[in-house]
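So that the names make sense, note that chain A is the first sequence line, chain B the second, and so on, each numbered from 1.
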Amino acid sequence: MLDVKAILEDPEGMEAALRRRDPSLSLEQIIAIGEERRRTITRFGALRHQQKEASTQMTSKDLSPADRETLRAQLKELSAEVKALELRAKELEEEADAAALLFPNPPAPEAPDGRDASDNVVLRTWGEPRQFDWELVEHDTLGERLGILDFESARKVSGARFVLYRGLGARLERALASFMLDLHTGDHGYEEVLPPYLVLRESMVGTNQLPKFEEDAFQTAPDGLFLIPTAEVPVTNMHREEILDAERLPIKYAGYSSCFRREAGSHGRDTRGLTRLHQFQKVELVQFATPEGSADAHEALVGHAERVLQALDLPYRVMDLCTGDLGFGARRCYDLEVWLPAQKMWREISSCSNFGEFQARRASIRYRPAPGEKPRFVHTLNGSGLAIGRTLMAILENYQREDGSVDLPEVLWPFMGTRRIEAAR
RNA sequence: GGAGAGAUGGCCGAGUGGACGAAGGCGCUUGACUCGAAAUCAAGUGUGCGGGUGACCGUACCGAGGGUUCGAAUCCCUCUCUCUCCUCCA
């Protein structure tokens, strides 16, 4: 969330930064609330001080009964005034916070200017798309033919936008998760985390899914818990309202979970296949870094996600998202897009964001630079490493053979117990 | 789900209406002593907000929210969580 104090100190600067993302944003209202809150608190402090001093007079032994009564009557008035000011200050603080929660993170200065996805910048491309001299089959058709993706059963059991993996499909999901987790914990220094899939509202606010994007989340009926849309939510909130030791930073977690998304507003889009489902699995990389270390941490993190695609030998490119396409909480974001030869398109398979202190401020995650020093907000970062359904989709499309079977990337052989998924008959 | 107990600073733990941001201890930091360390002694040691260029000043916070009172860590109400026993369960 935005820092109301910082807004009051530099209104023009903050507004200019925000408008790189969306020229229609205005801070006028939040400034008015913030200033009134400040005045109210100052006056409250003064009156409260007065009240405290007068109150100690009440304890004096040489106060006559009549004087005591007079003083009591005066203090009753003062007390009411103090109470009213305190209440007002609280209201204004809540108003200011509620307003601040609805503003997106100002982009990093390095983020390229632009309005939408067409202005994103290709930073680099890795791998050579394979050449095929026969007509490729899209992954959903291929998966159904192989008997490893069962959309029909999933529709019967759960409705639209679900899949049921079976046989080697189910095993391939599990293999990919294991491979990715082993890589990140073994080579990249992450601690493996398997988090709860249901979280409190506070956690969703901490990582900025709420209050603005409530319609995107599944919520359980009587208890009000939310199904996580990404492991980012429980893993980042592990340290909510904590002050971390500087020596522990950067803290790196690789969280594996199912992810649940209502996909409100995407009706009719990506309705086929594994691309956009209400439930999918993902390995999510999360880092807590110092402000000084966060830019390097971001580069490292995207590199860790790239390693997965390289190990699977899937061609991809790295996009630097422009200011207009950045996610709500991100100040800088790199997307990895994998090449899908059957669909003949690049498709996002990982999104690696640096949130700066945006989430840390919402969730109150701080660190102490040195003993005795004041706590500062950490920087939080996260990125998919990778989305497993889309990875599986990319393997089916990139590794298919003319006879309808699918080769498996070599690194998965130990996990799969086979080198190929054979076509049925 | 039933019965009981509890929630105070980084930790332990006192405190039942005013002198309490809160005794005492532990831990931590700095200084003294020491060749150095240990031990000992002394001082310091929370977070947010508001004001001030600043040393600093003010204010709030004793699980959360409300209430009583001139005044609440302390009294009353509601909620949450934790622990113990029973029940249930993977």
I'd like the [atom1] distance from [M] over to [N], given in whole Å.
N     : M     : atom1 : value
B/G17 : B/C76 : P     : 12 Å
B/G25 : B/G15 : C1'   : 15 Å
B/C20 : B/C61 : C1'   : 13 Å
B/A3  : B/U8  : C1'   : 27 Å
B/C41 : B/U34 : C1'   : 14 Å
B/G71 : B/G18 : C1'   : 6 Å
B/A14 : B/G9  : C1'   : 13 Å
B/A23 : B/C11 : P     : 16 Å

TODO: Could you name each residue pair satisfying salt bridge (Lys or Arg N to Asp or Glu O under 4.0 Å) that touches residues 65-75 of chain A, not counting sequence neighbours?
DONE: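 Qualifying pairs, neighbours excluded: A/Glu69-A/Arg72.
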Task: Any pair counted as salt bridge (Lys or Arg N to Asp or Glu O under 4.0 Å), so long as it reaches residues 386-400 of chain A, sequence neighbours left out - done: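 Residue pairs with at least one partner in residues 386-400 of chain A: there are none.
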TODO: Taking the side chain as every heavy atom from C-beta outward, state whether A/Phe328 and A/Asn105 have any pair of such atoms under 4.5 Å apart.
DONE: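 The answer is no, as the side chains (C-beta and beyond) never meet within the 4.5 Å cut-off.
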Task: Heavy-atom check, side chain of A/Leu149 versus side chain of A/Leu396, under 4.5 Å - done: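 Yes, at least one pair of side-chain atoms sits under 4.5 Å.
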Open item on the list: With a 3.5 Å distance limit and no angle check, can you tell me whether A/Arg161 reaches the backbone of A/Arg276 through a side-chain donor-acceptor pair?
Closed with: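 Such a contact is found between A/Arg161 side chain and A/Arg276 backbone.
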- [ ] May I ask you to decide if A/Gly293's main-chain N or O and A/Thr290's side chain share a donor-acceptor pair within less than 3.5 Å?
- [x]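 Indeed, once roles are kept as given, a pair shorter than 3.5 Å links the two residues.
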Open item on the list: Taking any atom closer than 4.0 angstrom to a non-hydrogen atom of chain A, what span of RNA chain B does the protein reach, first nucleotide to last?
Closed with: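 Taking any atom under 4.0 Å from a heavy atom of chain A, the span is B/G18 to B/G71.
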TODO: Using a heavy-atom cut-off of under 4.0 Å over every strand shown, decide if A/Lys90 touches base, sugar-phosphate, or nothing.
DONE: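 The answer is sugar-phosphate, as A/Lys90 gets under 4.0 Å only of primed atoms, P, OP1 or OP2.
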- [ ] Answer with base, sugar-phosphate or nothing: what part of the nucleic acid does A/Thr56 contact at a heavy-atom distance below 4.0 Å?
- [x]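 The answer is nothing, as A/Thr56 stays clear of every strand by at least 4.0 Å.
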Open item on the list: Go nucleotide by nucleotide along RNA chain B from the 5' end; which of A/Leu87 and A/Leu8 gets its closest nucleotide reached first?
Closed with: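 Upstream on the strand: A/Leu8.
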Task: Nearest-nucleotide comparison on RNA chain B, the residue closer to the 5′ end among A/Met58 and A/Pro375 - done: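 Taking each residue's closest nucleotide, the earlier one in sequence belongs to A/Pro375.
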Looking only at side-chain N and O atoms, does [Y] offer a donor or acceptor that is under 3.5 Å from a partner on [X]?
X        : Y        : value
A/Arg307 : A/His188 : yes
A/Tyr253 : A/His239 : yes
A/Gln209 : A/Glu214 : no

TODO: Could you grab the distance from atom CD of A/Gln281 to atom CD1 of A/Ile388, nearest 0.5 Å is fine?
DONE: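 Separation between the atoms: 6.5 Å.
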TODO: Under 3.5 Å for both distances, Watson-Crick or G-U wobble, that's the pair rule; now give the dot-bracket for RNA chain B, with | marking pairs to another strand and [ ] for crossing ones.
DONE: ((((((((.[[[..)..(.....]]]((((((.......))))))((((((....)))))).[[[[[..)....]]]]])))))))....
- [ ] For A/Arg20 and A/Ala108, work out which heavy atoms get closest and say how close.
- [x]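 For A/Arg20 versus A/Ala108, the nearest heavy atoms are NH1-O, 3.1 Å.
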- [ ] Kindly state which residues belonging to residues 30-50 of chain A come within less than 4.0 angstrom of RNA chain B, counting heavy atoms of the residue only, listed by number.
- [x]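 Contacting residues: A/Arg37, A/Arg38, A/Ile41, A/Thr42, A/Phe44, A/Gly45, A/Arg48, A/His49.
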Open item on the list: Taking ring-ring contact (aromatic ring centres under 6.0 Å, His included) as the definition, give me every residue that meets it alongside A/Phe377, ordered by chain and number, with sequence neighbours left out.
Closed with: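 Scan of A/Phe377 (ring-ring contact (aromatic ring centres under 6.0 Å, His included), adjacent residues dropped) gives none.
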